[in-house]
Structure formats: C-alpha cells, structure tokens
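What follows is a single structure, written as structure tokens, with notes after it.
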Amino acid sequence: MYSFSFASATGVEVDTTSLPPLILEQMAAGAFRSLCQHLAARSDQVANIDIMAVGGFCRNCLSKWMVLEARALSNSLRDDANFASMFSGSTEETPSIIKTLDAMGYDEAAQEVYGCTYQDWKKRHQKKSSDEQLRRYKESEIIHAKHDADLLGVKGTIADVNLNDCQKNLSQKVLVRLQAGAFLSLCKHLRERSDAVQNIELMTIGGFCRNCLAKWLVVEARKISSEISANAVVSSYFYDQQQSVIEDLDAFGYDEAALLVYGGTYPEWKKLHQKKATDEQMERYNGSVAIHAVHNKELLAVRSKGSSSRQSVESKVNDTNSKAPIVCLKQPAQKQSLLSDVCCEDVDNLNGTTIPAAVNTSNSRKALKPPSGSISLKIAILTVSDRAASGSYETGDLSGPAVEKAITNYVEQINSSFNDQNTTISHLKKAIVADEIDDIKQTLLRWSENEAYDMVFTTGGTGFATRDNTPEATLMVLDRECQGLMSWASMELTSVQPLATLSRAAAGVCGNTLIINLPGNPSGASQVVELMFPLLLHAVHDLRGGR
C-alpha cells in the first residue's frame, strides 16, 4: 500500500522518530516549500544549469518529482480501496481526486516550484548559458537525475479550472502529500550521490545543502508544534496524543533531522563521503555568502526531551546503529567532530589531513599513498575524435580539458594532504587528432621518443565503433603493455558506470613514457584519472629508477 515514510525512503530498518506519519509528511512538505522559496528568492543568482552541474538536479527535477508522486498516489487510490477510503474521507471524492492527479503534469507542478509558470520564470530570470556552464553540465551527466517520461505524461485534462493555479485543482491534503514525496525524492537523490555531490559545492552554487534541508525540517517541526498548541481544530486530530506529539516536535532537533536527510548521522556521512575542501572551493564558498540560506538558531534549538515513546524509539535506533551501518554508509563512524558555525564544513575537515578520494566503487578500497619526495612531471593529453579534429563541436573539445582539470586538481589535493610529498607539472601539452591509426601512432611516438613526456593520456576511440582505433594504435607503439592496470580500472568503475566493462583501453610503456587510454566521455575520463593517478606516480618513480 502507498504510504509516506522516511524509513522506507531511506532504507532504515526501524523508524527513527516517534512522530506520526501525518506530522512527518507535513514537515517534509514544509521543508520542500522552504527550498522552493529559497530558490525563488535567488532566481537571478542561482541558475538551473549550475545546480544541475554540481547536484544533478534543478528546479525542473523538483517539479517532475511532484508529478511522479501524483502518479504513485493516483495508482494507490485506484488499486487499494482501503487506502482510498482512508485518504479521501469518502468514496465519492476518490474519482475526482484520481482524475485531478492524472491530469496534473509538469506545468502544474512547476507552478508550485517556481511560483509562476516556467515560461514566465525563464523570460524573467534565465540567462544564456556560457560555454563553460555547458561544459560543466555535460561533464556532470553521470549524476543527473533521471525521470520516467511515461509516468510524467498527462493522463487526462482538468476542466473548468485555471491551470496556472495548481492549488485550485488539488486539495491541501493532496498537495502536501506531493510536496512531501518530492522532498523524499530529493533526499534519496542526494544520498545516492554522497561521494559525487559535496555540500560545499551545493552551498556555493545554490545557497543551500543537505544540512539546510535538515534545518528546514526542524523549523517546520517548531511551526507545527506551535500550531497544534494554538489551534483546537488542528489538535483535535491527535486526541489524547496531543501532549506527547508536541513534546516530540519540540525535542526534534538537527541530529534527528539529519538522520532523515542523510540516511545516517551527519558525522558518519562526513567521514565516509566528505572530501577536504580545496583553497579554490573555500574561496568560492566565501564569495557566495550573499545567497546562503540563513537559519533561525532559536527555532533550531531543542525545546524538550520528548515523550517516553520517543525515548523508546531512540533506544531502538541506537541498538540498530550499534549492529550495522545505516543506509548507504559503508562503515561505522570512528569518532564525532564538533560542527562549526559554517553550515557545510567543520573545524576538523578544514584543518585535518585526508587522503583524496577517488571515484566511488562498490568495494571499500584503501587509498594509495603517493611516493615520498618531489617529482616534476611532463604530461601530454591527446584527444582522438574525428568531430573534435574537424571542429564540429559547438563547445569545442571537452574531453582534453576535463582530463587536464582532473590531473591538476588531484595534484593539488595530494600536495595539500601529504607533508613528505610534492608533485609539480613542469609542462602540460594538449592536442587533437582524428580517428586515424597512423595519426595517433605518430603523435604517441613523437611525444614518447622525441619529447620524452612522463605520462601521455589519450581520450576517445576505445569503444567498438568502426572508427575506434586508439587501442590498436597504442599497442603498435608500446614496448611493454600493462594489462592489469586497465583490467583493474574497468572492474573498479563498473559499479559507477556498467558500460566501463566494454572499454578496450590499453596502457603500457614506450621508452620511459607511460601511455594510458581513457574513455572519450569527459566525466568518465576524469574518473579514470582520479582512480589511476596514485598508481601512475609510483610507475613514473620506478621508471626513473626510484628517483
């Protein structure tokens, strides 16, 4: 049966709060409205394409999640008579609710999210995307939300109503359910991208992050508590539970809200997924303070210890936490750290030393420390693409710059993470050739034999298309092939991108130059670089005789 439940959405085995589902639904709906209001107030500063690039979702996704929730609710009302009677209040109202839910489409949902039609919002606020924005958007496709086009299709029409005002078409009860469901979809979306989507990037681009979602839940709990206390009609819904519900709402704090949003405690999530902020990230974060969400500290403060039922639930949750990790968390937390007044960072994370994380894989893998000492690298990047070579791409070559960025970012991370190691790039060269075996071969030979680069990365031409010739050209050049490196990379990346198994990429040594084939997709190429780079540093170290 269709039901609203944080537990089912997060995968937590026990309920993490004693609050009734009706209250949790109201809280989630309120937090969703707070997010929409936050984004509406920043329509000129926060572009959809930028949120999509760092978070994999945007205002349009919020709208579509509401529509998908409408379809799920409609199906349950149609298929489950008991649920329909309970939800609608009377069997006579059910057909009308179903008809309205089936007729609700993107336009109606967008009205709720944008505060006006999407077309009106776009005319007033949307700017033409720059080449850089388009590049980042395309590179981030792996984290983008996917929406079922069939479910999003409208199944009927809403007659004799103003389609520009969704609240006239849907009862408040139904609207709250759709908003709450969309909020759960957002939380689930972010949990599934815990490694790829960092809080600090969300805050910099959108002015909010997962912590803000949790805090909006707390603020909504305070509002509902005050409303139950002051409104006899509202309090009548809970009868003899009124006092315990108020106590539990007043005891609901950030830690409990974060458990619902993250699917585990924030310290646990942070240790497993949060990366050390770079100087560039901190600079951009500090420069975006004007759009950051501001939260009322008085409202966020816990007001009571809660009812006895709440304490019983806490005992069950603590017992569950001691036995197994929660939801997407890969390992239990070792210790907790104190949050600073910066919403998305803490003192430990800003000052501590962490090993840079590579792409998320299904297996827990120990990070490899780079070789000690100083190492200066000459690196070349060769984009292999007929279309890039002919200038057919409007945005130009995206893969080469993506590989360059991944390399320079990783070098910065390891230099800031290890005191006994210093890696520099003395020279970095990029070139583009067509998918011609001879062109690829001659470039690789020139870079390895004549120009003596330490590492040469190719990107593109590793698939099964007729013109995918990069591995063949590479094997003609190599003195010694390293099959294990590419097999390992393919295995590690399969959990992130199943198509990685189909790569025919080769790697090995020509003279004293490492040559590595990368995929043509900018995001995939970047992931392989992040995964391999520590190993490649050790390989260069060996090629130089341990120097």
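Numbering of residues begins at 1 and proceeds along the displayed sequence.
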Distance-only, no hydrogens or angles: does the [X] side chain make a donor-acceptor pair with backbone N or O of [Y] under 3.5 Å?
| X | Y | result |
| --- | --- | --- |
| Gln198 | Lys275 | yes |
| Ser490 | Ser487 | no |
| Lys138 | Pro522 | no |
| Ser63 | Tyr106 | no |
| Lys441 | Glu436 | no |
| Lys146 | His144 | yes |
| Arg124 | Ser43 | no |

Rounded distance [0.5 Å steps], [atom1] in [X] versus [atom2] in [Y]:
| X | Y | atom1 | atom2 | answer |
| --- | --- | --- | --- | --- |
| Tyr410 | Met532 | OH | CE | 13.0 Å |
| Leu514 | Leu535 | CG | CG | 10.5 Å |
| Trp216 | Leu35 | CH2 | CG | 5.0 Å |
| His125 | Asp120 | NE2 | CG | 9.5 Å |
| Phe208 | Ile51 | CZ | CD1 | 6.0 Å |
| Met104 | Arg71 | CE | CZ | 8.0 Å |

Does either side chain, that of [X] or that of [Y], offer a donor lying less than 3.5 Å from an acceptor on the other one?
| X | Y | answer |
| --- | --- | --- |
| Ser185 | His189 | no |
| His38 | Ser34 | no |
| Thr462 | Asn517 | no |

Between [X] and [Y], what is the shortest heavy-atom contact and its length?
| X | Y | result |
| --- | --- | --- |
| Asp468 | Arg504 | O-NH2, 2.8 Å |
| Lys430 | Pro401 | CD-N, 4.2 Å |
| Cys510 | Leu445 | SG-CD2, 4.4 Å |
| Met486 | Ala507 | SD-CB, 3.4 Å |
| Met282 | Ala277 | SD-CB, 3.7 Å |
| Ala506 | Thr474 | CB-CG2, 4.4 Å |

**OP:** Could you walk me through whether Ile407 and Met455 pass side chain to side chain contact (heavy atoms under 4.5 Å, CB included), step by step?
**Re:** CA-CA 11 Å; Ile407 293 171; Met455 298 180 191; over 6 Å; no
Are any non-hydrogen side-chain atoms of [X] and [Y] less than 4.5 angstrom apart?
| X | Y | answer |
| --- | --- | --- |
| Val219 | Leu300 | yes |
| Phe457 | Val528 | no |
| Arg191 | Trp269 | no |
| Asp107 | Gln119 | no |
| Leu537 | Leu377 | yes |
| Leu478 | Leu475 | yes |
| Gln281 | Met203 | no |
| Gln527 | Leu531 | no |

Original post:
For Ile291, which of Val46, Leu39, Asp44, Ile205 qualifies under side chain to side chain contact (heavy atoms under 4.5 Å, CB included)?
Top reply: Val46
Subject >> Result of checking Thr459, Asp397, Thr443 against Ile432 for side chain to side chain contact (heavy atoms under 4.5 Å, CB included) >> reply: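 Only match with Ile432 under side chain to side chain contact (heavy atoms under 4.5 Å, CB included): Asp397.
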Subject >> Test side-chain hydrogen bond (donor to acceptor under 3.5 Å, both in side chains) applied to Thr513 and Trp447, step by step >> reply: CA-CA 8 Å; Thr513 300; Trp447 285 355; over 6 Å; no
Original post:
Would Val456 and Ile516 satisfy side chain to side chain contact (heavy atoms under 4.5 Å, CB included), going step by step from the backbone distance to the final call?
Top reply: CA-CA 6 Å; Val456 172; Ile516 304 97; over 6 Å; no
Original post:
When the ring planes of Tyr285 and His292 are compared, do they come out parallel, tilted or perpendicular, using 30° and 60° as the limits?
Top reply: tilted
How about [atom1] on [X], more than 12 heavy atoms from neighbouring residues, nucleotides or ligands closer than 6.0 Å, or not?
| X | atom1 | value |
| --- | --- | --- |
| Arg446 | CZ | yes |
| Glu283 | CD | no |
| Asn286 | CG | yes |

Are [X] and [Y] within salt-bridge range, i.e. N to O under 4.0 Å?
| X | Y | value |
| --- | --- | --- |
| Glu220 | Arg33 | yes |
| Asp386 | Arg467 | yes |
| Arg284 | Glu201 | yes |
| Arg135 | Glu132 | yes |
| Glu139 | Lys405 | no |

Subject >> Steps toward side chain to side chain contact (heavy atoms under 4.5 Å, CB included) verdict (Tyr118, Val113) >> reply: CA-CA 9 Å; Tyr118 172 57; Val113 172; over 6 Å; no
Subject >> Stepwise side chain to side chain contact (heavy atoms under 4.5 Å, CB included) test for Tyr266 and Asn199 >> reply: CA-CA 12 Å; Tyr266 174 58; Asn199 276 339; 4.2 Å; yes
